[in-house]
Amino acid sequence: MDFSLTEEQSILKDTLGRLLGDHCSFEARRAHLESAQGWSQPMWARYAGLGLMALPFPEATGGDGGSSVETMIVMEALGEKLALEPYLTTVVLGGGFVRLGGDSRQREELIPAISEGLLKIAFAHTERHSRYDLSHVETSAQRDGDGYVLSGAKGIVIHGDSADKIFVTARTSGNPRSREGIGLFLVDVNAEGVSRRSYRLHDGLGAADLTLDKVKVPASAVFGDPGSAMPIIQHVVDIGIAALAAESVGVMSAMQALTLDYLKTRQQFGMPIGSFQALQHKAVDMYVAIEQARSMALYAAMMAEEADEKERARAMHAVKAEIGRSGRLVGETAIQLHGGVGMTMEFAIGHYFKRMTMIDVMFGDSDHHLRSLGKLGGLLDVA
Amino acid sequence: MDLRFTDEEVAFREEVRAFLRENLPDDMRKVVADGRLPSKEQLRSWTRVLKAKGWAVPHWPAAYGGTGWDPMKQYIFLEEMQKYPAPQPLALGVNMVGPVIYTFGNKEQKDFFLPRIIGLDDWWCQGFSEPGAGSDLASLKTKAVRDGDHYIVNGQKTWTSVAQHADWMFCLVRTDPEARKQEGISFLLIDMQTPGIDVRPIVTIEGEREVNEVFLTDVRVPVTNLVGEEGKGWNYAKFLLGNERTNLARVGASKQRIARIRDIAAKEMVDGKPLIEDHRFREKLASIEIELKALEITQLRVIAADMRRGNTGKPDPASSILKLKGTELQQTTTRLLMEVVGPHAMPCIADGEALGGEPVGPDYAAHAAPLYFNYRKLSIFGGTNEIQKNIIAKAVLGL
């Protein structure tokens, strides 16, 4: 058992850390946030230059052959600086769909475009009544010659405002909550019948509601079996959960660093407030929660490519439940220990707290995953 | 990064399991599964089985009887012992005083005591806490005054676990009342047969005698029983308390208890169905299992880090979490074990007792509440969890 990084992985971590340190300070990030797009095109180009976009693709397809460990390294670093660029949706999720669901022609077309940073992708799944149920899909896909016609509405499509293409789940058969009969389609945002309403989320990320009004998609836009794409969707969501876990560790580590710094410098009653035991114990609670979360992010990276669907599902339920709990404890405590200034937009801590809060509700919150893990009979390998 | 066990480690795990199946008597297994302490005779006979196999003190240096296993194998061994569950050799000897003796003791002490610890020829107890020295251990008052070739020891120790069985006590005493409080302390080995020692029971809330008060009145201890240097006892005590890392979290024990909880929950009924099928119960259990999984990986991280840099004696910062979280989880699982037996947790009737020939309640119920009561100790002894937090705040967070 070895938890250490290879030399290449260490270089990746250091290089990306330096890049973000140089170009994604809190002030620089604020400027990116306030731009019309809400994130930085130059940063995006720098990531591509560093090879981050090609990371998860097999070498045979022009990728870098990276594993879930590389994705973990990148996501943690992005989390630590609250990077705004659509890496998760484009490379981890979009790239995941292409990698796991695309045929050779789709891979050949899309992987180079993603790798060079020329394509931005989003994932449209959530509907008005789906909540966190992946199987709940009402958007319909009707057979039309070689292709399909998509109709329906998707909400909270993260980075859907700036994406060039969007992976859409739509039902080809079955009732609205059936696991079977769900297809996966890659829709061009400029296709006829696609309309978007864009807005920002509380963490500053852009998003969109998507309306599909008889949108015609060709056969080349169908990923996987149109009658049964759920295994692919599930796997990519699991990979997304592992990525969010890593991002969370970055977010939480930054919150801890900011909080410790504040505790050591802020003076009251003639001494640093970090000398007070009540506050010290809260800081230790944060630390313990972060280390537990870090362990779960490692577990997630280990399980993200697990072939046994049920084992992977149990692991990811556990991971997401733990990340949500740790994140809430760390975030709320960080704000509390900052006192009044923690409430201000001026200070970074609140921005981290908001990102952490959004991460909890993405792909299902703690309660959802705890409930799901309970249904599967729990985590423990009792043997 | 590779988070899998090697083939060799997997094979070793099987070897340990097979050994336990073939060698541990069922009655002893049941005692441990119930969360009770084995009797002195039981523990001694089991320790000698381990000794014969060469497995009584795996973590010791090979020169003193250790197996030479790396920390991961030691961890696997302990985890399998806890999961089976099998009694572990007396920690007071093999984990506490033993390492102090082989690290700081002289040749005579090593030659005499170490083999006797390995075979549990001597039962050890720990004379650290005093009525006025708990979390602030360094304020201890028991004094040892030099008189020729002896120290004359006077004072009172408390919370002395299993002292009623003890042949020897390792004891912190004040040899220099003038020195700064940590510097006037020495580490003495005291024969419990020496005149002037009075062991009195303290009955704890679960109803058992696990701890004692030990009164020392003009107890004559040969100077040859001083470990290391006079006045350095505090350092040895800190070494002793910080020495244990591979198994601080006791993940295997919590796994075993969760397996037991699952078994019982399959037998207890709620709304006409087994409790294990109840959603709320399942979520509660899942929640604990998640915490335990995270802790297990944290424990493995600490071990892997130790192995990578070689044991420098400096713990990984994450190791400070192990006691905190490990004790919390052990307490949580004992609480859940009590909850799962439901109203059958109530009768205060010891194992094997029967009223008019009829057993009271199901056979798994009797020890659930006593164990829950008893395990409140885990966050108190060895430095309370609040003291642990003070230590982490200072040493890890720099506050």
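- Among the candidates A:Q9, A:K375, A:H317, A:M296, the residue making the largest number of heavy-atom pairs closer than 4.5 Å to chain B is A:M296.
- Exactly one of B:K255, B:Q299, B:Q256 qualifies for a side chain to side chain donor-acceptor pair (under 3.5 Å) with B:E79. That residue is B:K255.
- With values rounded to the nearest 0.5 angstrom, A:Q256 atom CD is found 7.5 Å from A:T259 atom OG1.
- For B:D34 and B:R29, the salt-bridge test fails: no basic side-chain N is under 4.0 Å from an acidic carboxylate O.
- Of the two parts of A:R325, only the side chain, counted from C-beta on, holds a non-hydrogen atom closer than 4.5 Å to a non-hydrogen atom of chain B.
- A donor-acceptor pair shorter than 3.5 Å cannot be found between the side chains of B:S379 and B:E328.
- No hydrogens or angles considered: a donor-acceptor pair under 3.5 Å links the side chains of A:S67 and A:E70.
- Across A:E291, A:Q292, A:Q280, the residue that shares the most heavy-atom pairs under 4.5 angstrom with chain B is A:Q292.
- Ranked by heavy-atom pairs under 4.5 Å with chain A, the list B:K325, B:H279, B:E291 is led by B:E291.
- Under the side chain to side chain donor-acceptor pair (under 3.5 Å) rule, B:T327 has a single partner from B:T332, B:T384, B:N385, which is B:N385.
- For residues 266-274 of chain B, a heavy-atom distance under 4.5 Å to chain A picks out no residue at all.
- The candidate with the highest count of non-hydrogen atom pairs below 4.5 Å against chain A, out of B:T6, B:L295, B:L285, B:I288, is B:L295.
- Within residues 260-279 of chain A, the residues having any heavy atom less than 4.5 Å from a heavy atom of chain B are, in residue-number order, A:L260, A:L263, A:K264, A:G274, A:Q277.
- For chain B, the option among A:A315, A:S372, A:G377 with the highest count of heavy-atom pairs below 4.5 Å is A:G377.
- For A:D285, the part sitting under 4.5 Å from any heavy atom of chain B is the side chain, from C-beta outward, and nothing else.
- A:M72 touches chain B through its side chain: at least one heavy atom from C-beta onward sits under 4.5 Å away, while N, CA, C and O do not.
- Salt-bridge formation is not detected for the pair A:E322/B:K293: no Lys NZ or Arg NE/NH1/NH2 atom is positioned less than 4.0 Å from an Asp or Glu carboxylate oxygen.
- With hydrogens and angles left out, the side-chain atoms of B:Q88 and B:R250 include a donor and acceptor closer than 3.5 Å.
- Looking at A:D360 and A:M356, their side chains never come closer than 4.5 Å, going by heavy atoms from C-beta outward.
- Checked for salt-bridge contact, B:D2 and B:R4 meet the test: a charged N lies under 4.0 Å from a carboxylate O.
- With no hydrogens or angles considered, a side-chain donor-acceptor pair links B:N390 and A:H281 at under 3.5 Å.
- A cation-pi arrangement is absent between B:R17 and B:Y84 under the rule of less than 6.0 angstrom and at most 45 degrees off the ring axis.
- Taking every heavy atom of both residues into account, A:G240 and A:V92 meet most closely at CA-CG1, 4.3 Å.
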